[in-house]
Number of protein chains: 2
Amino acid sequence: MIYGHDPRTGQTVGAALPETDSAGVDVAVSAAATAGAAWRAASAEERARGLEAVSDALTAHVDELWQLADQETALGEVRLRGEVARAAGQFRLFAQVIRDGAYLEAIIDHADGSLTPPRPDVRRMKHALRGVVAVFSASNFPFAFSVAGGDTASALAAGCPVVVKAHPGHPNTSERVAKIVREALPDPDLLGLVQGMQAGVDLVKHPEVVAVGFTGSVAGGKAIQKLIDEREVPIPFYGELGSVNPVVVLPSAPAKDVATGFAGSVTLGVGQFCTNPGLMFVPDDDELRQALVEAVEGTSGGSMLAERIRDGYLGGIGRLGELRLLAEGKPGEGNWAVTPKVFTTDLDTFAEKLPHIAEECFGPASIVVTYREISDLPAVLERLDGSLTATVHSTDPSEAGDVAEVLGKKAGRLIWNGWPTGVAVCWAMHHGGPWPSSTSTFTSVGATAIDRWLAPTAYQDWPEALLPDELKDANPLSVPRRVDGRLQV
Amino acid sequence: MIYGHDPRTGQTVGAALPETDSAGVDVAVSAAATAGAAWRAASAEERARGLEAVSDALTAHVDELWQLADQETALGEVRLRGEVARAAGQFRLFAQVIRDGAYLEAIIDHADGSLTPPRPDVRRMKHALRGVVAVFSASNFPFAFSVAGGDTASALAAGCPVVVKAHPGHPNTSERVAKIVREALPDPDLLGLVQGMQAGVDLVKHPEVVAVGFTGSVAGGKAIQKLIDEREVPIPFYGELGSVNPVVVLPSAPAKDVATGFAGSVTLGVGQFCTNPGLMFVPDDDELRQALVEAVEGTSGGSMLAERIRDGYLGGIGRLGELRLLAEGKPGEGNWAVTPKVFTTDLDTFAEKLPHIAEECFGPASIVVTYREISDLPAVLERLDGSLTATVHSTDPSEAGDVAEVLGKKAGRLIWNGWPTGVAVCWAMHHGGPWPSSTSTFTSVGATAIDRWLAPTAYQDWPEALLPDELKDANPLSVPRRVDGRLQV
């Protein structure tokens with residue numbers, strides 16, 4: 001049986017929930033596959049309304065949802081209300097995306113007999129993958145990266161039914177969210193929920209599953225890839241794994257602002273963000289060092305989401321103990337409480353300890369590396385693993401060129417004078433990056449996250465009566481298309 | 001040492017070529033990586049001119065090239081001249097694609113302080129993968145899917161340097177084409193060529209290789225995936241593997257046209273096409289059967305590309321021997337000559353022998369399966385593996401709905417009253433399909449083949465001076481973009 005736990009007390013929350021056995025996983029996937037046929041065939045407008053109904057339902061239940069999630073995560077009212085709003089907003093964004101229709105990448109090349117060889121009429125657009133999308137929830141976002149998170153919203157938008165493997169950190173919240181989403185959808189079977197580790201294994205191996213979305217650790221991601229390799233038919237794996245999110249502070253950056261922003265970003269949500277700034281390069285400067293010490297000492301820890309995550313953090317800061325402790329925050333309260341800790345070293349020592357020293361430590365910890373000359377940085381940055389983000393602090397773009405160029409190779413999102421925590425949900429967002437931060441070149445946040453659940457079909461000399469409406473000459477749905485080489489909006 | 005062989009005689013062609021050892025692979029990849037930095041940074045216009053120079057160089061050398069390739073492949077003047085033109089045309093298409101700029105998927109979301117939380121300025125576009133693309137040549141297309149084939153053209157267009165592993169079926173042609181392409185490019189090191197099986201292994205495992213393009217067998221594709229799994233950093237694998245390309249002839253289709261077209265498509269290029277129609281469902285009709293026998297008996301075989309490929313074909317038709325031989329063509333001439341063979345059975349027997357009976361048999365062979373009622377077909381078609389193409393012959397779209405729907409799940413390209421051999425190079429083409437016909441949802445032919453070699457970057461509050469031109473507010477390069485949710489062409 002599975003229990004939720006209150007991180008503040010370690011006590012169980014709610015009733016015992018059964019683990020989903022293999023037969024149960026099969027029931028959920030088969031039901032989703034059956035429901036998926038009509039959903040895939042539905043018009044974009046119908047699917048958009050379904051997504052909006054989910055969005056409305058999440059918003060309507062926010063009072064209940066934040067309280068339930070708070071019992072299982074201790075993330076607090078403000079954060080959790082915000083996260084429900086974020087999840088609801090993601091469903092609305094994807095409703096816009098599918099009404100817009102550009103995501104289908106419709107292309108028409110009319111026949112051309114003047115070419116050698118003569119060209120037939122060829123038309124192409126993307127369709128939802130034909131089968132069920134498996135989604136693995138994240139520990140640290142009970143709403144926005146879980147049952148009703150971005151993977152689920154984008155897959156449903158594409159036209160795919162979804163079966164979610166709940167995260168053991170918030171099983172009751174997962175059940176409640178699933179119920180709300182199922183009731184809002186035109187067919188409740190479009191969303192399935194399974195609980196338990198073995199259910200996750202069965203899910204990945206189910207023949208009707210056609211893609212996997214995952215947010216979690218590098219080790220977890222590798223385990224899922226291994227399961228996929230064992231399948232008879234391999235399927236795409238969209239994993240968002242570990243990320244250290246380097247920040248480079250250049251000499252022109254104002255010390256106070258950097259120190260305050262850094263301390264806030266490192267400790268936000270008890271440091272439990274994949275975009276947590278785990279590594280910051282700063283000029284070797286006493287004023288900045290003093291500002292950092294004061295800012296970090298002004299922070300407080302808190303209870304982490306689960307015992308296993310707390311233990312991972314303690315192990316991580318143990319490893320970082322080979323560096324000097326620069327400052328620590330106040331101890332947090334609660335059963336799995338931890339203390340924010342910032343370590344420091346110089347650039348040469350850091351470089352000697354690569355790569356192990358730059359491994360992600362999930363939680364409110366970071367390393368401040370001091371450098372003498374900007375020109376010393378690129379060679380060391382070059383040796384970092386891939387991250388979701390990289391940040392530059394500077395008031396003078398002319399000093400940043402070389403550093404920005406190296407960081408561009410290392411991260412999927414480049415940030416100027418900001419902090420990596422907080423990922424805007426919008427058309428232009430990219431939340432992904434070089435290995436190990438993600439397993440593909442796709443994003444898991446923002447409008448283009450829908451691209452993961454699509455595959456193209458080309459139609460050659462295909463009769464008008466059998467063509468999808470989006471590819472008929474008259475363009476009855478007014479989707480953006482490229483016709484005979486020219487974009488038409 | 002590696003030798004080319006003349007399929008007509010089995011004799012060696014040209015001088016012995018050394019296998020590339022590990023050090024040689026490293027030299028080629030490192031040189032490509034170094035040359036790649038400037039190529040990636042070059043403007044789209046500069047790269048487009050480079051691609052056009054390659055196109056011109058291929059065209060200028062067509063007389064020499066077809067003769068050299070004919071010695072190693074016996075594919076004949078008409079086909080090989082056409083294939084050089086096709087390869088040259090692919091470079092021109094990709095020059096258009098990168099001048100157009102839509103492939104970058106540029107998106108700008110301006111900052112919006114009215115939102116909760118406030119949204120920063122976020123801009124996104126795609127960039128070339130940062131490193132070297134490895135390309136494995138195909139046996140059956142010495143130009144269009146080899147050293148100067150679609151993988152190479154699309155990767156160079158994206159901004160990636162390329163190292164090609166030559167196919168042992170045409171090593172001299174590969175060397176000559178590589179020399180011509182290298183001389184046409186602004187930096188010859190943008191294209192490397194390696195020879196030999198072990199060189200292919202070293203190439204896939206090289207740390208500076210960031211993606212692999214492959215055209216070949218399912219077994220070959222699985223072997224490369226295994227090498228990728230052994231890498232420290234996994235990389236994307238774009239393989240085009242086996243495909244049986246089902247054709248469904250409905251009762252309204254004219255028997256004579258079907259028979260002639262089928263016999264031509266099955267035997268074109270001695271059946272050595274990944275889009276060869278290896279399986280055709282026809283009404284149980286004496287007139288059609290007779291027309292098929294006559295058409296197939298009118299064909300001739302020829303020499304296959306290599307001894308190993310000939311042996312594979314003989315093994316394949318051995319397996320098909322459990323069915324009844326419907327007709328065979330005239331024996332071909334040449335050292336590795338084979339005879340076209342078409343087998344037949346009824347739908348029930350075929351269904352009993354699934355899945356093994358529908359495995360691809362590379363060469364001029366096919367299975368004709370007779371059915372009684374259209375309504376008997378969907379359940380059997382449903383059990384087929386994925387293919388690059390599926391074809392319907394009919395003069396009445398209203399009889400085709402159910403069959404078309406099932407075929408839509410099974411193939412990446414749907415063809416009406418045509419034949420799958422011949423893949424138009426255009427904006428709308430999709431050459432890919434469900435496993436095992438390809439390993440991803442991407443295409444290896446047509447404008448969107450460039451998408452394989454790109455990854456997005458998001459820029460958050462990034463200073464104008466450091467933004468790529470494509471993302472500056474003034475849009476100095478006039479690329480199509482989505483700005484604040486609206487497409488602008």
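Hydrogens, waters and symmetry mates play no part in the numbers below; they use all other heavy atoms, side chains included.
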Among residues 395-405 of chain A, those lying within the under-4.5 Å heavy-atom range of chain B are A:Pro397, A:Ala400, A:Gly401, A:Ala404
Just checking heavy atoms, which of residues 110-125 of chain A are less than 4.5 Å from chain B?
A:Arg119, A:Pro120, A:Val122, A:Arg123, A:Arg124
Given A:Val425, A:Asp461, A:Thr439, the one with more heavy-atom pairs under 4.5 angstrom with chain B than any other is A:Asp461
Relative to chain B, which of A:Gly418, A:Ala424, A:Cys426, A:Ala455 shows the most heavy atom pairs under 4.5 Å?
A:Cys426
When rounded to the nearest 0.5 angstrom, what distance separates OG1 in A:Thr457 from CG in B:Leu407?
11.5 Å
Under 4.5 Å from any heavy atom of chain A - which part of B:Asn417:
neither
Turns out that what part of A:Glu105 lies under 4.5 Å from chain B's heavy atoms comes down to side chain
Side chain, backbone, both or neither: which part of B:Thr448 has an atom under 4.5 Å from a heavy atom of chain A?
side chain
Look at B:Gly89, B:Pro480, B:Gly485 and state which one has the largest set of heavy-atom pairs under 4.5 Å with chain A.
B:Gly485
So for A:Ile415, is it side chain, backbone, both, or neither that comes closer than 4.5 Å to the heavy atoms of chain B?
both
Can you tell me which residue pairs pass the ring pair (Phe, Tyr, Trp, His ring centres under 6.0 Å) test with a partner in residues 400-423 of chain A, sequence neighbours excluded?
A:His393-A:Trp419, A:Trp416-B:Trp462
Residue-level contacts of residues 226-236 of chain A with chain B, using a heavy-atom cutoff under 4.5 Å
A:Asp229, A:Glu232, A:Val233, A:Pro234
So for atom NZ, which belongs to A:Lys222, do other residues, nucleotides or ligands contribute more than 12 heavy atoms lying within a distance under 6.0 Å?
no
Return the option, out of B:His127, B:Gln460, B:Arg486, B:Gln488, with the maximum number of heavy-atom pairs under 4.5 Å with chain A.
B:Gln460
Can you tell me which of B:Ala465, B:Ala102, B:Ala85, B:Gly408 forms the most heavy-atom pairs within a distance under 4.5 Å of chain A?
B:Gly408
Out of A:Ala447, A:Ser440, A:Ala428, which one racks up the most heavy-atom pairs below 4.5 Å with chain B?
A:Ala428
Within-4.5 Å side-chain heavy-atom neighbours: B:Thr441 and A:Lys126:
no
Among A:Ile107, A:Leu414, A:Asp385, single out the residue with the greatest number of heavy-atom pairs under 4.5 Å to chain B.
A:Leu414
Let's test your reading of the structure: which of B:Leu487, B:Asp109, B:Ile108, B:Leu129 forms the most heavy-atom pairs below 4.5 Å with chain A?
B:Asp109
